[in-house]
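Okay, structure first, notes after.
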Amino acid sequence: MRPSVKELLGVDAAGQEVIVKGWVRTKRQTKSAAFVEVNDGSCMANIQCVFDAETAGKPEIASTLEKVSTGASVSVEGTLVPSPAAGQKAELRATGLQVIGEAPPDAYPLQKKAHSLEFLREIAHLRPRTNTFGAVARVRNRMAFAVHQFFQERGFSYIHTPIITASDAEGAGAMFQVTTLDLEKVASSGAVDYGYDFFGKPAFLTVSGQLNVETYCQALGRVYTFGPTFRAENSNTTRHLSEFWMIEPEVAFAGIEDNIDLARDFIHYLVQTALRDCAEDLAFFDARIQPGLIESLKSVASGSFSRMTYTEAVAELEKHKGVFEFKPYWGCDLQSEHEKFLTEKVVGGPLVVTDYPKDIKAFYMKQNDDEKTVAAMDVLVPRFGEIIGGSEREWRLPLLQKRIADMGLNLDSYWWYLDLRRFGSTPHAGFGLGFERLLLYVTGMTNIRDVIPFPRAPKLADF
RNA sequence: UCCCCUGUAGCUCAGCUGGCAGAGCAAGUGGCUGUUAACCACUGGGUCCGGUGUUCGAACCACCGCGGGGGAGCCA
């Protein structure tokens, strides 16, 4: 394959004859030379293609140069040479030029200037051509691969849990219903008979792969899911999407301490990978999006995570309750202001908070002997707050049954989940990580709609 | 769903107490001996989000609607 710009800029420039294909970012012309910067998305950097006066003066080149504008796709032939000017090590001394697709400047929305992220959201089909969104896409790709690398290197199996689920028993939030019923007819008939629906009963898009992945955990031991997840909540924030990607590992014969170790190693691995393999893109985010980003990432890339129980955390927060909008008390859900205070001000680094009150956590979490708390663990990081939430699971049948009943859930609809506790049950644990939230943390971007190519949110399903 | 802010040129915004629609950048044209957020000069560019009302007069005030942003809640 023809070398990418990234590859060309990575070799010693020694007069090799090459062809560069990509999209023009900017063109500068003087009497003595024309400079066309070409980007092909392989890296942040452009390659500068230089047409000297003689070349630029040839009629066919001159007329083609007139059609070169920001956004146009081009093919440039020339030789790769060390650059005589500052700003780039190598450049292309151009001998030939073709415009593949023009981008008329009076109509092309992207200019060679900074645009607001809000404006770029309105042209989601063109925004990957900008520095910021190109960088986000490259980091997203690398992080997705790193997720698989991390688990595969540790003997985990990737389990494809279903997108469509026939039970609404997962309890993790509002669900999108999936149906082939004709809603117009349903509306006029005044009644719904799910016997006529595609699955013969109500069906929904999944809100979590956890309950399903636990079944394979109880067979393969170390498993994980990484797939699209859907929430129909009317959430309109910089941290929520209606469609997002979630990572959920689950390990058999494991307790909460194993879970915490795994989560810590996972964060270490992802952040180290980003710092090593996305250095150019992170440098851009550090300079333009989130000053101090790289320093902040380096501080969590290795080393231990502090530990604190929920009870200790609340005691710590109560010492400073004057600074909070929401007053902390034992039994309250930790607000994002509380989480940030704990990780940034109290411990000054990553923090794992464990043993939350059972009443604010999900039914499947393992109950502690104190009968008040569950073996839950949240990982908090500076600048962001909670990035991972997980727990040891309740693996004892009677206790799980009682918990489901106490929370007013329907035992029958959990029959297969309960079977896992009836037959060869094991202590097991796992956690969940929202992939886009990881990307917010790693890139320093602040709106979750800017770290997924095509965001879905209430009243937002364009493109 | 609630609270706050906001909508003016392609983009980012200013527009005072209601009195002729503005700037920077972008674009076009010309200039410039290697530029790199190029530079210099000139030029073109408007449904002031939509509707209704108040007024001699509305970008500006009031009401309704639509769009965008931020925060909260829910959560990953």
Side-chain angles (χ1 to χ4, degrees), chain A residues 25-38 45-54 56 66 69-71 81 83-88 91 93 103-123 130-131 170-174 206-210 225-248 287-288 325-326 333-337 339 360-362 378-379 384-390 431-441 446-452 457-460 462:
Chain A
R25 284 298 176 81
T26 176
K27 175 180 75 170
R28 297 177 291 273
Q29 267 183 294
T30 74
K31 203 148 220 171
S32 62
F35 302 87
V36 177
E37 288 205 35
V38 177
N46 308 321
I47 189 164
Q48 175 166 274
C49 304
V50 186
F51 298 81
D52 61 28
E54 188 189 338
E66 282 178 22
S69 60
T70 300
V81 297
S83 177
Q88 58 284 316
E91 64 186 26
R93 185 179 294 151
D106 54 350
Y108 185 62
L110 293 173
Q111 306 165 356
K112 55 177 182 184
K113 56 166 283 190
H115 289 288
S116 68
L117 298 173
E118 292 81 4
F119 171 67
L120 294 172
R121 267 170 228 149
E122 296 169 9
I123 48 169
T130 64
N131 286 335
E170 299 176 38
T206 183
V207 293
S208 166
Q210 185 198 317
T225 71
F226 182 11
T229 311
F230 307 87
R231 301 280 167 90
E233 259 109 18
N234 191 11
S235 299
N236 215 302
T237 80
T238 54
R239 293 163 67 89
H240 290 83
L241 290 167
S242 305
E243 175 184 291
F244 61 100
W245 287 64
M246 187 151 64
I247 299 146
E248 295 171 295
R288 300 292 181 87
E325 185 184 346
F326 294 90
D333 238 332
L334 295 186
Q335 303 288 325
S336 121
E337 60 171 343
E339 293 174 341
I360 60 171
K361 288 293 184 182
D378 283 0
V379 179
F384 195 76
E386 179 186 336
I387 193 161
I388 280 180
F431 59 80
L433 170 69
F435 186 55
E436 285 75 19
R437 289 193 177 173
L438 168 75
L439 291 172
L440 287 180
Y441 179 66
T446 52
N447 192 318
I448 202 163
R449 299 176 185 193
D450 294 334
V451 295
I452 189 168
K459 302 284 188 296
L460 182 70
D462 300 331

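Just so it is clear, the model here is predicted, and its values are computed rather than measured. Every chain is numbered from 1, with letters handed out A, B, ... down the list of sequences.
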Please identify each residue that fulfils salt bridge (Lys or Arg N to Asp or Glu O under 4.0 Å) with A:E386, with sequence neighbours left out.
none
For A:D378, salt bridge (Lys or Arg N to Asp or Glu O under 4.0 Å) partners two or more places apart:
A:K361
Under 4.0 Å, counting only non-hydrogen atoms across every strand here, what does [X] touch: a base, just sugar-phosphate, or nothing?
X	value
A:N447	sugar-phosphate
A:E436	nothing
A:E325	nothing

Using the ring centroid of each side chain, check whether A:F435 and A:F244 are separated by less than 6.0 Å.
no
Please determine whether any donor N or O and acceptor N or O are separated by less than 3.5 Å between the side chain of A:Q48 and the base of B:rU35.
yes
Do A:Q88 and B:rU35 share a donor-acceptor pair, side chain to base, under 3.5 Å?
yes
Would you mind checking if A:E37 and A:R28 are paired as a salt bridge, meaning a charged N to carboxylate O distance below 4.0 Å?
yes
When the distance from [atom1] of [X] to [atom2] of [N] is rounded to whole Å, what number comes out?
X	N	atom1	atom2	result
A:R231	B:rC74	CZ	C1'	10 Å
A:E386	B:rC74	CD	P	12 Å
A:F230	B:rC75	CZ	C1'	16 Å

What residues form a side chain to side chain contact (heavy atoms under 4.5 Å, CB included) with A:E243, not counting sequence neighbours?
A:F230, A:R456
Can you name the residues that form a side chain to side chain contact (heavy atoms under 4.5 Å, CB included) with A:K112, not counting sequence neighbours?
A:T26, A:T70
Provide a list of protein-nucleic acid N or O atom pairs under 3.5 angstrom, restricted to nucleotides 41-48 of chain B.
none

If B:rC2 has a Watson-Crick or G-U wobble mate with both distances under 3.5 Å, name it; if not, just say none.
B:rG71
How would nucleotides 3-14 of chain B be written as a contact map, 5' to 3', with B for base contact, S for sugar-phosphate-only contact and - for no contact, using protein heavy atoms under 4.0 Å?
-------BBS--
